[in-house]
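In what follows, a single structure is set out as structure tokens and then discussed.
Order of the sequence lines fixes the chain letters, A, B, ..., with proteins taken first and strands second; residue numbering starts at 1 for each chain. The analysis underlying the following values was restricted to heavy atoms, covering all of them including side chains, and did not include hydrogens, waters or symmetry mates. Quick caveat, the model's predicted, so the values are computed rather than measured.
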Amino acid sequence: MSSDTETDHNAGQAPLGELAGAVRSVALQLAPDGWGRPLSLERPPNADLGDYSTNAALVLASAARKSPRELAEGIGAMLSERLQGRLARFEVAGPGFLNLHLDDAWHRQSLAAVLGAGQRFGAGGAAAERILVEFVSANPTGPMHVGHARNAAYGDSLSRLLDFHGHQVEREFYVNDAGSQIRKLGESIQALARGQEVAADGYQGEYVQELARRIPQAATLEAADLGKAAVLLMTEQIEASLRRFGVLGYDHWQYESKLHEVREDLRGRDGEPVSAVQHALQLLEDAGHTYSSEGALWLRSTDFGDDKDRVLVRGSGEHTYFASDIAYHQIKRERGYQRQIDIWGADHHGYIPRMRAAYEALGGDPGELEMLIMQLVHLMRGGKRAAMSKRAGEFVTLDDLVEEIGVDAARWYLLSRSHDTTIDLDLDLAVRQSSENPVYYVQYAHARIASMLAKAGADRVGEALEHARGAGTVAAGAVAGGAADLDGERAEPLHPSERDAIKQLLDFPNEIAEAATRRAPHRVAAYALTLAQTFTAFYRDCKVVGVQPQSVESTRIGLCVAVQGALARSLDLLGVSAPQEM
RNA sequence: GCCCCCGUAGCUCAGCUGGAUAGAGCGCCGGACUUCUAAUCCGAUGGUCGCAGGUUCGAAUCCUGCCGGGGGCGCCA
């Protein structure tokens, strides 16, 4: 597809944004007091009701001191004038909906605008922020399971989405390589290497044995060193699994252990270098948000809405995990992000109030910190809940999932549902049904277009695109006398399926904006499926390659190119491939 | 006991900052391949949007209570 025309940032929002703007400005002329109220511009439930529908009159009736229907009439009349010939007609319906019927020229111009935007169609639009997205952050004590898979797919896709929407995104993995769990892992490996029993609360399973085999001289090493060596191996393995799963590379790997190391650039009250953890604790102490009790140091998190105060430093002198996490968030603040997004598993939700409290105690604006909770993936077998025990080594890993159903089906399955609903994953069923996965429907539509364009030939496609892109200017100049195409001939009327496909395409920028703003990549999947369906209906109804007259073929080729682009973009945002043939 | 998420068609789920006749995929039933890709298409079946109140021109959507399912409430990480 063509990507040469990289126009301004808002090009992606046109032309639907332009129509919405026209409705808004006309409506506010009639009801100036209604400024600031949100007006809808939607596809009506029934195609007979028109191309678009607005509730402007319903929303603004009171401000205009008119009946909704009367106001709708007024808006329609003014809009008609403003859009010149492109608004074929309008109707007031029901309590005061204003239904707009747009003519073919408007559709052609809109398609031309989409083609003109090229790869940037739907991009940008956000008030750009520098955002850090931290996701997966699986403990390096074992392989990743399907819960991590969901977190990975979501975090990766959300990052892509935010980036495409115009934000400056960095991705980070927080490695919990400190604390008792690593010690336990080291001890477990040591026991296995020495042919002893693993402690009851230690780590079991195939992968621990493998770690013991892969670490040279494991039997002679101390547990602490074994732990360190295992973390390295596990982190490597995690990174490789994520890469196979299509996760774009992380910009940062932050090791928890580093937060405990003294840094030259951080100075304590006495001017001596301190660690990030000490630095953060001093900030809290200096701000008067801590106190000592029962031999421990506490954060007065209840001052910031938490249920109870929390321990930062134990009676034993050890820092809690919470203290590390506070330091981690403080370091991220100091790195200059405008927004931190943490993507956590459902078991962390109780952790949110204290983290938010700590963030505020550090002097941060709690609105900058978003902690998104992924609901669980329930593993099923034959319709029944299956146990997942890491200790016993019984779980389905990310690698298993990919091997069984492939990256595309797995990612689509995990991403086509909202992150705050629990997912039942029946692997047997998933394998059996993977060929029914809607992802293939979307990919098929993409491949089909590729095949059609190949049949038309690159030269013909290029020529057609030039023609289709020109529709904007020509139609604009020919509004009064009816639409004409480039050669001045009368344009053939668009088929209803063509008009539908164009309108479906025009929704793309809004869908992207919604999905990004609401942190909801599953909306992209839903959109892609609908677009593929709308395109397939067009394919059924309208011959493209070889259709006469040639101007019709040109428009349709242009539509194919535009749809293919939006499908490819949607799939890419989900981390799913867009094949040329299937 | 308190906190978070969920409850929509037989199944899995969209729709939720209020809009018109509540949607999709799968399953089930009946049809369509000499076609630019049938991994497709067309048609049929299928819902008291958990229950009860409230808010209003209008509620699956917002508020309250209840019921049911899942998860969480450590000086663990």
Side-chain angles (χ1 to χ4, degrees), chain A residues 38 40 42 44-46 49 53-55 58-59 61-62 67-68 93-97 99 139 141 176-182 184 201 256 293-298 307-308 310-325 345-354 373-376 378 383 385 413 416-426 429-430 432-433 435-445 447-456 517-518 520 522-523 525-527 529-530 533 536-537 539-547 553 556-557 560 581-582:
Chain A
S40 74
E42 296 172 325
N46 184 330
L49 296 175
S53 167
T54 176
N55 67 354
L58 286 161
V59 172
S62 62
S67 80
F97 290 102
N99 293 332
N139 286 338
T141 52
N176 297 133
D177 64 335
S180 57
Q181 52 171 359
I182 304 299
K184 242 177 242 172
D201 62 345
E256 183 189 354
S293 171
E294 303 162 57
L297 181 70
W298 298 71
D307 294 353
K308 44 184 157 182
R310 308 289 175 176
V311 172
L312 297 169
V313 182
R314 294 180 202 132
S316 67
E318 283 178 297
H319 294 113
T320 58
Y321 175 82
F322 185 41
S324 301
D325 222 3
D347 55 339
H348 275 63
H349 96 265
Y351 196 70
I352 292 178
R354 84 187 68 164
I373 294 301
M374 305 296 301
Q375 291 302 318
L376 299 185
H378 286 149
R385 287 281 288 282
Y413 189 86
S416 56
R417 291 143 174 79
S418 162
H419 68 92
D420 53 22
T421 189
T422 47
I423 289 183
D424 288 333
L425 178 65
D426 190 321
L429 209 62
R432 208 172 329 133
Q433 291 183 346
S435 64
E436 312 295 335
N437 192 314
V439 71
Y440 299 121
Y441 185 95
V442 178
Q443 290 182 316
Y444 189 68
R448 173 181 266 161
I449 295 172
S451 161
M452 293 162 74
L453 296 177
K455 179 163 181 177
T517 307
R518 293 160 78 150
H522 75 276
R523 285 179 160 261
Y527 172 79
L529 184 57
T530 305
Q533 286 168 328
T536 304
Y539 169 82
R540 177 195 68 218
D541 296 336
C542 301
K543 188 170 169 57
V544 177
V545 180
V547 74
E553 188 193 39
R556 291 180 181 176
I557 287 177
C560 287
E581 57 182 66
M582 287 177 76

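Of the candidates B:C36, B:A14, B:A24, B:A14 carries the atom nearest the A:S418 side chain, counting heavy atoms from C-beta on. When distances are taken from the side chain of A:R518 to each of B:C16, B:G25, B:A14, the shortest belongs to B:C16. When distances are taken from the side chain of A:H349 to each of B:U12, B:C3, B:C75, the shortest belongs to B:C3. Side-chain atoms of A:T421 lie closest to B:C6 of the nucleotides B:C6, B:A77, B:C75.
Every salt bridge (charged side-chain N to carboxylate O under 4.0 Å, His left out) that A:E318 has, sequence neighbours left out, goes to A:R314. Among residues two or more places apart in sequence or in another chain, the salt bridge (charged side-chain N to carboxylate O under 4.0 Å, His left out) test is passed with A:E256 by none. Partners of A:A346 under the side chain to side chain contact (heavy atoms under 4.5 Å, CB included) rule, at least two apart in sequence or in another chain, are A:I373, A:Q375, A:L376.
Within the structure, every side-chain polar atom (N or O) of A:R417 is placed at least 4.0 Å from both OP1 and OP2 of B:A24. Proximity of A:H348 to the phosphate of B:C73: no side-chain N or O atom is located under 4.0 Å from OP1 or OP2. Regarding contacts with the backbone of B:G74, a side-chain N or O of A:K308 is found under 4.0 angstrom from either OP1 or OP2.
Taking the P atom of each, B:A60 and B:U55 are spaced 16 Å apart, rounded to whole Å. The same atom, P, is picked in B:C28 and in B:C11; the two are 15 Å apart, to the nearest Å. The P atoms of B:A77 and B:U17 are separated by 40 Å, rounded to the nearest whole Å. For the P atoms, the distance from B:G15 to B:G50 is 15 Å, rounded to whole Å. B:U35 and B:A44: their C1' atoms are spaced 26 Å apart (whole Å). Taking atom C1' on both B:U8 and B:G47, the two are 8 Å apart, rounded to the nearest angstrom. Taking the C1' atoms as reference points, B:A14 lies 14 Å from B:C26, given to the whole Å. Straight-line distance between the P atoms of B:C73 and B:C29: roughly 47 Å, to the nearest whole Å.
The residue A:S451 sits close to a base: some heavy atom pair falls under 4.0 Å. Residue-level contact check: A:K455 touches the backbone only, with heavy atoms under 4.0 Å from sugar-phosphate atoms and none from bases. Note on A:A447: a base of the nucleic acid sits closer than 4.0 angstrom, heavy atoms only. Within the 4.0 angstrom heavy-atom criterion, only backbone atoms of the sugar-phosphate kind lie near A:I423; the bases stay farther away. Using a 4.0 Å heavy-atom cutoff across all strands shown, A:Q443 reaches no nucleic acid atom at all. Residue contacts for A:A346: at a heavy-atom cut-off of 4.0 Å it reaches the sugar-phosphate backbone alone, with no base atom in range.
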(request) With pairs defined as Watson-Crick or G-U wobble and both distances under 3.5 angstrom, please note down RNA chain B as a dot-bracket string, | for pairing with another strand. (result) (((((((..((((.....[...))))..((((.......))))......(((((..]....))))))))))))....
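Counting only N and O atoms by type, the side chains of A:N139 and A:Q181 include a donor and acceptor under 3.5 Å apart.
Annotation: of the two residues near RNA chain B, A:R310 and A:V545, the 5′-most nearest-nucleotide partner is A:V545.
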Please produce a list of atom pairs where a protein N or O lies less than 3.5 Å from an N or O of nucleotides 19-23 of chain B.
residue, atom, partner, partner atom, Å
B:A20, N6, A:S53, OG, 2.2
B:A20, N6, A:N99, OD1, 2.9
B:A20, N1, A:N99, OD1, 3.3
B:A20, N1, A:N99, ND2, 3.3
B:U21, O4, A:N46, ND2, 3.0

Atom pairs, N/O to N/O, protein against nucleotides 38-43 of chain B, distance under 3.5 Å?
residue, atom, partner, partner atom, Å
B:A38, OP2, A:R448, NH2, 2.7
B:A38, OP2, A:Y539, OH, 3.4
B:A39, OP1, A:Y444, OH, 3.1
B:C41, OP1, A:Y441, OH, 2.4
B:C41, O3', A:R540, NH1, 3.2
B:C42, OP1, A:R540, NH1, 2.4

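Side-chain contact between A:V544 and A:K455: absent, with no pair of heavy atoms (C-beta onward) separated by less than 4.5 Å. For the pair A:H419/A:M374, a side-chain contact is recorded, criterion being any heavy-atom separation below 4.5 Å from C-beta on.
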(request) Just do the side chain to side chain contact (heavy atoms under 4.5 Å, CB included) check on A:F97 and A:L58 with the steps written out, would you? (result) CA-CA 7 Å; A:F97 290 102; A:L58 286 161; 3.8 Å; yes
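With rounding to whole Å, A:I352 atom CD1 is found 13 Å from B:C73 atom P. A:D420 places its CG atom 18 Å from the P atom of B:G70, with the value rounded to the nearest Å.
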